[in-house]
Structure formats: structure tokens, C-alpha cells
Amino acid sequence: MGVRLYNTASRSVQPFSPQDPGRVGIYACGPTLYGPAHIGNFRTFLFYDLVHRYLEWRGYGVHFVMNFTDVDDKTIAAARARGATLADHTLVYERQVVEEADLLGVRRFDVYPRATAYIGPMVALVERLLERGLAYTTPDGSVFFRIAAFPDYGALSGRDPGAARTGERVAGDDYGKEDGRDFALWKGIKEGDREAGAAWSAPWGEGRPGWHLECSAMALSEVGGTVDLHLGGEDLIFPHHEDEIAQSEGATGNPFVRHWLHAKHLRVEGRKMSKSLGNIVGVGTLLAEGVSAAALRHLLLSAHYRTELNFTEEGLKASRRAVDRLLDFDSRLLSHPVRSSGPESGVREASESALASFREALDDDLNIARGIAVLFGFVNRVNGRLDTHAVIGRAERDAACAALASIDEVLGLIEVGRRERRVDKELGDWIEERIEARRRARAAREWMRADAIRDELAAEGIVLEDGPAGTRWKMRQGRH
RNA sequence: GGCGCCGUGGCCAAGUGGUAAGGCAGAGGACUGCAAAUCCUCUAUCCCCGGUUCGAAUCCGGGCGGCGCCUCCA
């Protein structure tokens, strides 16, 4: 059947059909660098990561572009409040978000354009729109898009362009608009912009680009004529993406995007995350508190991207346990005794069917909840086999390892979890030494001494698992 | 007011016409020196009412409840 994805534009799930399967061009709206990213941002970024990883897993050649918005009202305001230049201010948060994304296992995308590096293309875009009569300048040096001249406006979000809002009161900086719905392509220079390094010259006057324009310019420059997949948070459908379509198609005359995907927002303890509620949760804060990155990844990834996800303390705990189960299985599989030949235990069959079911689940509009269920079903089945078969064939074991690794190429849970369990060589050697001492104590049936050693290790976060093939140990992950 | 989404066991969450995946939590059992890990068993008729159908959580109608966007917002 192939990959099927929901398309916001058609409001239905449809086959994913890139123009050129060999090079799928994807543009994702990235963070605005005014402050630290929060878990809501990261739910969206992890959704991007899923799209990225899954399409590559399915064999597509993916060219994935995620921008950084480093100039807009908020970044300028934040930079000015700190007395920093725009460039200095945004660099701080760019570094931070990249670092956090790495910690959560978000694979690096191909290109990260920063808006301020695309002023040229933006100016060119506006010039074309002016030529075509789709834009007009105002006395303060701003340029607005003329929505009345673009009949398709509203198609993505399902709005009637003619209705409502026309006669609305205009905001303070929007003097001169012909129509209340018209949006700014370029904002004429204002007090303080130049000092903050937020002013560029253009044929119609000095100023800075409008937010919507930035994404159009970067998408057209970095992805090309038509974007196969354009991703974003659900809040961007209107007006941001509607405006991107209007500008891009108005200027080029070509379809801008084939397929739109939007991730739903998350809630925190049942409530909307907002400044006024004071419940904005930063990823950096959580990680600093000792929350496991793998657990956080699991939680943010575990619900389908088009359903509301409720971020709770309890959910985080459940996710942590779930990831532990995966990691325990991973290490059990790797250390399970094998022989070169002999009767099959059923592990190979379980591996093959897990891979097929996983693909089926993810092909269906990235149904990750079902995909994760398939994974746990696999873990369960194989654990059962390992219980009843003290030794399995090497080829079977390898097949199971390969299946697990393959699925984790998409989920990245074991990938991130393993990192957190890793210990340095010195600690590792000490652990091995202690385990050997405990082994001797146990052999001598000196339980008190053996348990004292186990407690000693537990105090360092090391958990032991005795099995027929010896004792395995693991580093307990973060507090949550 | 306009557009849209959702309501499944204690919590989270799949399933969208054939009699309920998975994770967490809970109970009992097996294994273990004790643990840990693991396995087995048990725990829901799907917000309510009506309709369509041989058959509905799944379709239709009506309620009730929760939520999103419409303004900066992932």
C-alpha cells in the first residue's frame, strides 16, 4: 500500500506521493529563537524527527529543511530587553535548542536556514509580488499582501476569504492597510530596530521581513519549486501557512506544497500550556532535574501526532518504565547464549512479523501508538521464547537483534536510552570487580556479604540481574 | 458566531461494521538464597438516548461533557 499521510489541505489521509521519490523535499517550521524551547515545541520536533526517520527507513531520499526564525517581533523585543543584538540573542537559543534536540535523539536535519541569511530572496519575492499587483506599499515603508487579489486564500484552513474580519480594527503598526485581512510582507523600520541589528534595506525602504515571508523564501530557496511535505504545529495552519501559500504561489505561479502535516498541541497536567498559567515546561529544565531523555522522548512520541497529548508526571513515570523494559530486553537479547545450529525457537518468525506489522502501522499515517504496541508485542513474545529456550540459534538471535535495531532506527528509544545507561571505563571496571566479589560470596553462600555488595552498587545507581548465564548489570536512568 | 477535534479499563492509548492492541499501575502464581529481570493468569462491552444493520466502540440523528483554531504561539 505504501505510506499514507493525512493532508491538512484535503482533510483526509492520502497516499504520500513526492514529485520525485528519489529526493523528497521537506520543509518544517522551526523554532523562533526568542527564548528556550519548551516540551510543546519538542513534541513537534519529535514529530518532525519521526517523519524524517520513517521516510528514510522506507527508503526515500529525504532532503529535510528546518528553519530558525531569528528575526521577528518577539526576537527583537527579547534582544532589546536584554540589550543584546538580535544576532547574539538568537544564537544563544539556537545553540540551546540544537543541544536539547541532540539529547532527545532528534536526528540532524540536512539544512537549518536562518531567516536573516535570506533577506535577498525575501526582497526578490516581494518585488515579484509588487510587480504582479499582489502587494502594495504603505507610507511607513511597509509592504502588505493584497488578499483580495488572491482568490484561493483560505483554502488550506477552510476559511471563506470573503467573510468576516474585513472591517476589523487594525493594530497600531498596520496603518495604511487596504483590507483588515492583508498581512505584512515587510515591516517599515521602527525605533530601535537599527540598534538591535534588525534592519535591512530594500527598494521600498529600510525595515525587516514579515514572519510569513521568511518561511516562503527559505522553503523556496532550500527545498525548491514545490515542497513535497510541509510540517508545522497546528497553530500555524492559519494564518502562517495560509500566508506562505499566498506569497509563494502568488510570486511563482506554481503550487507551493503537495502535502501539509500539522502536529496537535500538547497539554500539561490537563491544562493548556501558557504563560498566564505559568505551566510552561522547558526541556532543559526537565533534563536538569534528572528526567530521563529517553523517557521524555517516549512520552512525547507515544501518542499519534494528530491527537492531543497530555504531559503528566505520571505519564513520564510510565514512559520511563516502558523504556526500561525495552532496554532490559535489548541487553537480555545481546547476552543470551547462542549456538551455531539447531532447531528454531520461533524467535526468527516473531522478528519477521514484527517488522512487517511495524511497517504496516507506520505506513498508516505514522500510527506510532500501534507501532509501539507491535514492538512491545515482539518483546513479549521473544522474552517468552528466551525463558523456555536457554540457548537459541545465533541466526535467530541476530534476526531479533536486527529487527529491534531496525525498529529503533525509527523510534530512537533504545538509541537514547543506551546513552543514558552508558558508564565510563573506570566505573565499569569497578562494577565488574564488585560483581565478581559478589559471585564469590554467593558461591560460598555468604548471602549477607553478597547483599551488601549489591547494596553498595545500588547506591551508585547500578541494578543487578542474576540469570542462568551470569549476572547482568544496568545503570538506572534518570530519576524519572 | 465561524471552522474543526475528542469522550475506550485506575492512568495513558490503539482499534472506525463482525463481538475490545500495547504501556503504566493493581491482584495471584512461576522462577530466585533474597532481589532484579522475565513468563503465566486475572481486571473494560467502549459518555448517554434513539436509529440503520443479521451484527456497531466503529455508520446516522439528538443530547451531555472536554478541547483547539479564528490574535503572537510548536
Side-chain angles (χ1 to χ4, degrees), chain A residues 8 11 28-32 34 37-48 69 72-74 77 154 157-160 163-165 168 171 211 231-240 242 262-267 270-275 280 298-299 302-329 331-332 357 361 364 367-388 441-442 445-448 450-451 454-455 458 462-468 471-474 476:
Chain A
T8 306
R11 294 182 193 183
C29 284
T32 300
Y34 62 94
H38 56 247
I39 51 173
N41 294 304
F42 270 93
R43 183 206 187 172
T44 300
F45 301 155
L46 284 168
F47 157 63
Y48 297 167
T69 296
D72 80 322
D73 293 340
K74 283 155 84 176
S157 55
R159 269 157 231 271
D160 179 353
R165 311 211 85 80
E168 244 174 43
W211 175 45
L231 318 178
E234 60 169 342
D235 53 294
L236 300 183
I237 297 170
F238 184 90
H240 186 55
E242 204 71 75
H262 293 95
K264 200 127 180 129
H265 280 186
L266 62 65
R267 301 170 70 73
R271 317 179 74 182
K272 180 176 172 160
M273 191 163 54
S274 75
K275 246 184 273 181
I280 292 180
H298 174 92
L299 180 56
S302 60
H304 184 92
Y305 72 92
R306 279 191 291 116
T307 69
E308 196 174 72
L309 170 73
N310 189 14
F311 181 90
T312 63
E313 200 59 44
E314 195 183 347
L316 200 51
K317 220 162 113 187
S319 283
R320 190 256 164 108
R321 296 281 301 131
V323 170
D324 270 342
R325 187 165 156 78
L326 287 179
L327 292 168
D328 289 345
F329 174 69
S331 72
R332 180 182 190 189
S357 301
D364 182 14
N367 192 332
I368 196 166
R370 220 165 87 204
I372 291 176
V374 167
L375 173 59
F376 279 99
F378 169 67
V379 170
N380 199 36
R381 267 215 276 176
V382 174
N383 264 326
R385 300 298 176 175
L386 299 183
D387 273 2
T388 53
R442 293 180 72 212
R445 305 184 70 79
E446 294 178 35
W447 309 126
M448 296 282 278
D451 289 350
R454 186 168 62 197
D455 291 344
I462 311 300
V463 179
L464 301 185
E465 292 174 16
D466 296 327
T471 298
R472 283 203 313 269
W473 60 269
K474 66 187 182 195
R476 199 181 52 217

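A note on names: the letters A, B, ... follow the listed sequences, proteins ahead of strands, and every chain is numbered from 1.
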- line: Mate of B:C24 across any strand shown (Watson-Crick or G-U wobble, both atom pairs under 3.5 Å) is B:G10
task: Please work out which of the three classes, parallel, tilted or perpendicular, describes the rings of A:His298 and A:Phe376, given edges at 30° and 60°.
output: perpendicular
statement: Scoring nucleotides 29-44 of chain B by protein non-hydrogen atoms under 4.0 Å (B base, S sugar-phosphate only, - none) yields ----BBBBSBSS----
- prompt: Looking only at atom C1', what distance separates B:G15 and B:A56, rounded to whole Å?
  reply: 13 Å
field: Contacts of A:Glu446 that satisfy side chain to side chain donor-acceptor pair (under 3.5 Å) - sequence neighbours left out
entry: A:Arg449
message: Just to verify, what does A:Arg43 make a salt bridge (Lys or Arg N to Asp or Glu O under 4.0 Å) with, not counting sequence neighbours?
response: none
statement: Given protein heavy atoms under 4.0 Å, the one-letter contact record of nucleotides 6-21 of chain B, with B base, S sugar-phosphate only and - none, is simply -----S-SSS-----B
- prompt: Distance between the C1' atoms of B:G66 and B:G55, in whole angstroms?
  reply: 31 Å
- request: Check ring pair (Phe, Tyr, Trp, His ring centres under 6.0 Å) between A:His304 and all other residues, then give those that pass, not counting sequence neighbours.
  value: none
query: Quick one: salt bridge (Lys or Arg N to Asp or Glu O under 4.0 Å) partners of A:Arg385, sequence neighbours excluded?
result: none
Could you run down the sub-3.5 Å N/O contacts of the protein with nucleotides 72-74 of chain B?
| unit_1 | atom_1 | unit_2 | atom_2 | d |
| --- | --- | --- | --- | --- |
| B:A74 | O5' | A:Asn41 | OD1 | 3.0 |
| B:A74 | O4' | A:Asn41 | OD1 | 2.8 |
| B:A74 | O2' | A:Thr44 | OG1 | 3.4 |
| B:A74 | O2' | A:Gly233 | N | 2.8 |
| B:A74 | N7 | A:His38 | NE2 | 3.4 |
| B:A74 | N1 | A:Leu266 | N | 3.1 |
| B:A74 | N3 | A:Gly40 | O | 2.8 |
| B:A74 | N3 | A:Thr44 | OG1 | 3.0 |

message: A:Arg472: which residues meet the side chain to side chain contact (heavy atoms under 4.5 Å, CB included) condition with it, sequence neighbours left out?
response: A:Ser331, A:Arg332, A:Ser335, A:Glu465
- request: Can you sort out the partners of A:His240 under side chain to side chain contact (heavy atoms under 4.5 Å, CB included), two or more places apart, ordered by chain and number?
  value: A:Cys29, A:Trp211, A:His212, A:Cys215, A:Leu236, A:Glu244
- prompt: For A:Asn380, which residues count as a side chain to side chain contact (heavy atoms under 4.5 Å, CB included) partner, sequence neighbours excluded?
  reply: A:Arg325
C1' spacing across the pair B:U58 / B:A14, given as an integer number of angstrom: 13 Å
- request: Please measure how far the P atom in B:A35 lies from the corresponding atom in B:G28, and state the result in whole Å.
  value: 14 Å
- request: Could I get the full list of salt bridge (Lys or Arg N to Asp or Glu O under 4.0 Å) partners for A:Asp235, not counting sequence neighbours?
  value: none
task: Determine which pairs satisfy salt bridge (charged side-chain N to carboxylate O under 4.0 Å, His left out) with at least one residue from residues 371-381 of chain A, sequence neighbours left out, and list them in order.
output: none
field: Atom P, compared across B:G17 and B:C59: separation rounded to whole Å
entry: 8 Å
